[in-house]
Amino acid sequence: MFKYVGDISKIAQNIISFYCSNFNIAVDATLGNGYDTDFLCEKFNKVYSFDIQKTAIENYLIRKKDNVILINDSHEKLSTYIKTEVGCIMYNLGFLPGGNKNITTKTESTISSIKEGLYLLCPGGIMSIAIYTGHDEGIKEKDAILNLVSSLSKKDYGVLMHSFINRSSTSPLLVIVEKNGI
């Protein structure tokens with residue numbers, strides 16, 4: 001078992017725990033099985049969790065905390081539900097583990113969401129994007145996301161990509177975007 005080079009979600013959570021500067025509001029843009037929401041609700045005062053699949057929302061209700069707002073809608077509608085700056089946004093793209101693998105995040109809505117998220121992110125805020133390329137849509141998402149984040153102003157955003165070098169070519173990637181705190 002590796003301490004650092006293990007689960008991509010744990011790496012993202014560790015970065016957020018250590019480097020995020022505003023723990024008021026967070027967003028889990030892709031609820032899924034809810035592990036990122038569990039993490040966020042322990043660290044932040046309020047968490048908005050999005051998922052298009054009603055099954056994901058219903059499955060999470062049994063352990064929902066008072067500071068979590070579940071939203072059965074697309075993450076591309078962040079600004080419809082959130083009207084204030086947020087300290088953190090987490091994306092864990094792909095499909096619902098254990099669910100229907102034909103229902104995946106989509107490139108167009110993911111890019112739209114990330115753009116909205118960058119606007120909502122407060123100075124010093126962190127956005128984590130776990131990208132899974134083991135399916136066709138994931139490959140498209142990866143290319144579009146990397147194109148978007150590589151074009152961000154280096155004055156306004158720091159962008160770092162973590163990737164596994166000695167694993168499968170479809171191993172997940174983690175992109176961290178930090179909004180300048182100045």
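Here the structure is a predicted model, which is why all the values come from computation and not from measurement.
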Can you list the steps and then say if K10 with F2 is a side-chain contact (heavy atoms from CB on, under 4.5 Å)?
CA-CA 11 Å; K10 291 290 182 197; F2 297 100; over 6 Å; no
Taking every heavy atom of I131 against every heavy atom of G138, the minimum-distance pair comes out as CG2-O, 4.2 Å
Same cluster for Y157 and V86 if Ile/Leu/Val/Met/Phe/Trp/Tyr side chains link at under 4.5 Å?
yes
With the side chain counted from C-beta on, respond yes when I82 and F50 share a heavy-atom pair under 4.5 Å apart, and no when they do not.
yes
Cluster check V47, I15: I/L/V/M/F/W/Y, side chain < 4.5 angstrom:
yes
Results of ring-ring contact (aromatic ring centres under 6.0 Å, His included) for Y19 - residues two or more places apart only:
none
Can you tell if the side chain of E137 reaches within under 4.5 Å of the side chain of T107, non-hydrogen atoms only?
yes
With rounding to the nearest 0.5 Å, note down the distance linking NZ in K43 to CG in N67.
13.0 Å
Tell me whether M127 is reachable from L160 by hopping between hydrophobic residues (I, L, V, M, F, W, Y) whose side-chain heavy atoms are closer than 4.5 Å.
no
Apply side-chain hydrogen bond (donor to acceptor under 3.5 Å, both in side chains) to S74 and S109, showing your working.
CA-CA 8 Å; S74 175; S109 60; 4.5 Å; no
Looking at every non-hydrogen atom in both residues, tell me the closest pair between S49 and T37 and how far apart they are.
OG-OG1, 2.6 Å
Establish whether L118 and Y81 are linked, either directly or via other cluster members, by ILVMFWY side-chain heavy-atom contacts under 4.5 Å.
yes
Verify side-chain contact (heavy atoms from CB on, under 4.5 Å) between F164 and I8, making sure each step is shown before the conclusion.
CA-CA 10 Å; F164 294 103; I8 206 89; 3.7 Å; yes
Could you report the tightest heavy-atom contact between L152 and V177, atom names first, then the distance?
CD1-CG1, 4.2 Å
Spell out, as yes or no, whether a donor-acceptor pair under 3.5 Å connects the side chain of N22 to the backbone of N24.
yes
For E85, side-chain contact (heavy atoms from CB on, under 4.5 Å) partners two or more places apart
C122, P123
Drop me the distance from I114's CD1 to I111's CD1, to the nearest 0.5 angstrom.
5.0 Å
K3 atom NZ: more than 12 heavy-atom contacts under 6.0 Å
no
State the CD1-OG1 distance between I139 and T170, to the nearest 0.5 angstrom.
8.5 Å
Without swapping roles, check the side chain of D51 against the backbone of G32 for a donor-acceptor pair under 3.5 Å.
yes
Counting only N and O atoms by type, is there a donor-acceptor contact under 3.5 Å from the side chain of K65 to the main-chain atoms of C41?
no
Does a side-chain heavy-atom distance below 4.5 Å link M90 with L40?
yes
Rounded at 0.5 Å granularity, tell me how far OH in Y119 sits from OG in S79.
9.0 Å
What one should report as the nearest heavy-atom pair of N72 and I52 is ND2-O, 3.2 Å
Reported CD1-to-CD distance for the pair I89 and E116, which is rounded to 0.5 angstrom
9.5 Å
Between CD1 on residue I145 and NZ on residue K140, distance to nearest 0.5 Å
13.5 Å
Counting N and O atoms only, with roles assigned by atom type, does the side chain of N180 sit under 3.5 Å from a partner on the main chain of K155, one being a donor and the other an acceptor?
yes
Can a donor-acceptor pair be found, under 3.5 Å and without considering hydrogens, that links the side chain of N92 to the backbone of A130?
no
Is the backbone of S112 close enough, under 3.5 Å, to the side chain of E76 for a donor and an acceptor to pair up by distance?
no
What residues, two or more places apart in sequence or in another chain, satisfy side-chain hydrogen bond (donor to acceptor under 3.5 Å, both in side chains) together with Q13?
D36
Backbone of D143 reached by a side-chain donor or acceptor of N147 within 3.5 Å
no
Classify the ring geometry between F23 and F44 as parallel (under 30°), tilted (30 to 60°) or perpendicular (over 60°).
tilted
Taking atom NZ of K46 as the centre, report whether more than 12 heavy atoms of other residues, nucleotides or ligands fall under 6.0 Å from it.
no
Measuring only between side-chain heavy atoms, which start at C-beta, is T30 closer than 4.5 Å to D28?
yes
Counting only heavy atoms not in I62, do more than 12 fall under 6.0 Å of its CD1?
no
Is there side-chain contact between Y48 and L78, with heavy atoms separated by less than 4.5 Å?
no
In terms of hydrophobic clustering (I, L, V, M, F, W, Y; side-chain heavy atoms under 4.5 Å; direct or indirect links), are V159 and L93 co-clustered?
yes
H75 backbone acceptor or donor facing S113 side chain under 3.5 Å
yes
Quick check on side chain to side chain contact (heavy atoms under 4.5 Å, CB included): which of L174, V149, L146 does M161 satisfy it with?
L146
